[in-house]
There are 2 protein chains.
Amino acid sequence: MTMAEYNIKIENVVASTKLAEEFDLIKIESEFEGAEYNKQKFPGLVYRVTEPKAAFLIFTSGKVVCTGAKNVADVHTVIGNLGKKLNGIGQETLDDPEITVQNIVASADLHAVLNLNAIAIGLGLENIEYEPEQFPGLVYRIAEPKVVVLIFSSGKLVVTGGKSPSDCDQGVEVVRQQLDSMGLL
Amino acid sequence: MTMAEYNIKIENVVASTKLAEEFDLIKIESEFEGAEYNKQKFPGLVYRVTEPKAAFLIFTSGKVVCTGAKNVADVHTVIGNLGKKLNGIGQETLDDPEITVQNIVASADLHAVLNLNAIAIGLGLENIEYEPEQFPGLVYRIAEPKVVVLIFSSGKLVVTGGKSPSDCDQGVEVVRQQLDSMGLL
DNA sequence: TCAGTATTTAAAGATATATTTATATTTATT
DNA sequence: AATAAATATAAATATATCTTTAAATACTGA
């Protein structure tokens, strides 16, 4: 089983970090072009960057959530850049902040048309949710790795909830093996 | 059993008194900064003070409800101050009005993690209400003293309905003894 | 007669707010 | 016909609001 074979591709990485002891969000909003902060609406400041493309939620506590990067390296790049930019407007940041990947979303393709009703029955109703009138994907919760896989009749998958690329790969493999063993692949 | 041991703390005192034969709420609203009176919404005028912090409901009848004080002494302080302030705008008040404590809310901590399901069964379903999907606290009605205790799985308690600090202390003790006798503490 | 209106306060669990992203189906809008 | 929004999934962050309980006051509507 290879990444290439099933077109496994990381689509989104969510990471968190603590960049400072505290931030002045009002000052950041006034200095960062495009930054949006409305405390009554949501307690974090929203800031988007490109190259690489990502978005930040920046909080008064100094904590930051980074979303939208396509890989973990990009996460480190954009958070590093953000730190420099914050220093550039006089906001003190911590040295060498730890960055924790919290969620990875990946897509994959089993290259087969799937019978979701049969899959639902085969996997056992306690591990899945499938209500096609509500959402066309079957929701499959895997214990190890601890991920959730959305399975579509087209053979496409979305793997979410993982903390590492490996979690995504293994999630796809678990689904593939189970479908294979049920003769549904 | 001591206040200190269970961190019993009075959080709110509700008291009532009759300060005058009648009040002109429209005049009071115009003279007292921050006062709010909308007869159609509620028949009392709302007035908040600080140092000590409290709120008043002032009625045309001359009766007043005081809420939000942290102890009985503060209640007497703020009601005394209110009387002087009312005199200051020409509202006549009665001499030496009686102040009645109507409700005391206290918090406490048993310093133990509690099994609320077991407690519900042990105390008897006729004396308690516990619907964790609706509210995470178990509601326990005690006859003597006549208080209601909210019991949380964290070991924290809220005692309400008492008329004296002693009611709160005794309420905590009743709960402690009963949990102890059931081996749940 | 009762329930609601308003005020205060602690406890703690749920839900919502916002961000991102793939997937696919339906509905609504332009 | 094209586009947008809703449906569902995960995760961090941090606020607000709701749930419950008691009590006085007084007014309205069912």
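Worth knowing before you read on, the calculation uses all heavy atoms, side chains too, and leaves out hydrogens, waters and symmetry mates. Every chain is numbered from 1, with letters handed out A, B, ... down the list of sequences.
Summarising the geometry, the separation between CG on B:L150 and P on C:dT8 is reported as 19 Å, rounded to the nearest angstrom. Here C:dA22 presents its C1' atom at 14 Å from CG of A:L110, a figure rounded to the nearest Å. A straight line from CD1 of B:I79 to P of C:dT7 spans 18 Å, rounded to a whole angstrom. Atom P of nucleotide C:dA12 and atom CD of B:E11 are separated by 12 Å, given to the nearest angstrom. Between the CZ atom of B:F152 and the C1' atom of C:dA14 there is a distance of 14 Å, rounded to whole Å. With rounding to whole Å, A:N71 atom CG is found 15 Å from C:dA22 atom C1'. C:dA10 atom P lies 11 Å from atom NZ of B:K156, rounded to whole Å. Atom CG of A:D167 and atom P of C:dT21 are 21 Å apart (whole Å).
Scanning both residues, B:A106 and B:I8, for their nearest heavy atoms gives CB-CG2, 4.4 Å.
When each of C:dA6, C:dA24, C:dT19 is scored by its nearest atom to the side-chain atoms of A:L57, the top-ranked nucleotide is C:dT19. In the set C:dT25, C:dT20, C:dA22, the nucleotide with an atom closest to the side chain of A:S107 is C:dA22. When each of C:dA18, C:dA11, C:dT7 is scored by its nearest atom to the side-chain atoms of B:R48, the top-ranked nucleotide is C:dT7. The listed nucleotides are C:dT9, C:dT20, C:dG13; the one nearest the side chain of B:P136 is C:dG13.
Two residues, A:T67 and B:G161, neighbour DNA chain D, and the one matched to the more 5' nucleotide by heavy-atom proximity is A:T67. Between A:K41 and A:G137, the residue anchored nearer the 5' end of DNA chain C, judged by the nucleotide with its closest heavy atom, is A:K41. Take the nearest nucleotide of DNA chain C for B:G155 and for A:N103: the residue whose nucleotide is more 5' is B:G155.
A:V14 comes within contact range of at least one nucleobase, with a heavy-atom separation under 4.0 Å. Heavy atoms of B:V105 sit under 4.0 angstrom from at least one base atom. Using a 4.0 Å heavy-atom cutoff across all strands shown, A:T17 reaches no nucleic acid atom at all. Residue contacts shown for B:K53 are limited to sugar-phosphate atoms, with no base heavy atom under 4.0 Å away. Residue-level contact check: B:V65 touches the bases, meaning some heavy atom is under 4.0 Å from a base atom. No contact: A:Q40 has no heavy atom under 4.0 Å from any strand. Using a 4.0 Å heavy-atom criterion, one finds that B:V158 contacts the bases of the nucleic acid, with or without backbone contacts as well. Residue B:S154 is classed as a sugar-phosphate contact, given heavy-atom separations below 4.0 Å to backbone atoms only. Using a 4.0 Å heavy-atom cutoff across all strands shown, B:T60 reaches no nucleic acid atom at all. Using a 4.0 Å heavy-atom cutoff across all strands shown, B:S153 reaches sugar-phosphate atoms only and no base atom.
Residues passing the side-chain contact (heavy atoms from CB on, under 4.5 Å) test with A:V174, sequence neighbours excluded: A:I142, A:P145, A:Q178. Listed by chain and residue number, B:E11 satisfy the side-chain hydrogen bond (donor to acceptor under 3.5 Å, both in side chains) test with B:S107 (two or more places apart in sequence, or in another chain).
Sparse packing is recorded around CD1 of B:I26, with 12 or fewer heavy atoms of other residues, nucleotides or ligands lying under 6.0 Å away. Within 6.0 Å of atom CD in A:E33, 12 or fewer heavy atoms from other residues, nucleotides or ligands are found, so the atom counts as exposed in its surroundings.
By the 30° and 60° cut-offs, the orientation of the rings of A:F152 relative to A:F135 is perpendicular.
Residues B:I119 and B:V139 do not share a hydrophobic cluster, clusters being chains of Ile/Leu/Val/Met/Phe/Trp/Tyr side chains in contact below 4.5 Å.
The nucleotide range of DNA chain D contacted by chain A, defined by atoms under 4.0 angstrom from heavy atoms of the protein and reported 5' to 3', is D:dT7 to D:dT15.
Taking the charged nitrogens against the carboxylate oxygens, B:K41 and B:E36 have no contact shorter than 4.0 Å, which rules out a salt bridge.
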Under the criterion salt bridge (Lys or Arg N to Asp or Glu O under 4.0 Å), I'd like the reasoning laid out for B:K85 against B:E31: C-alpha separation, chi angles, the key distance, then a yes or no.
CA-CA 10 Å; B:K85 209 171 162 67; B:E31 301 269 3; over 6 Å; no
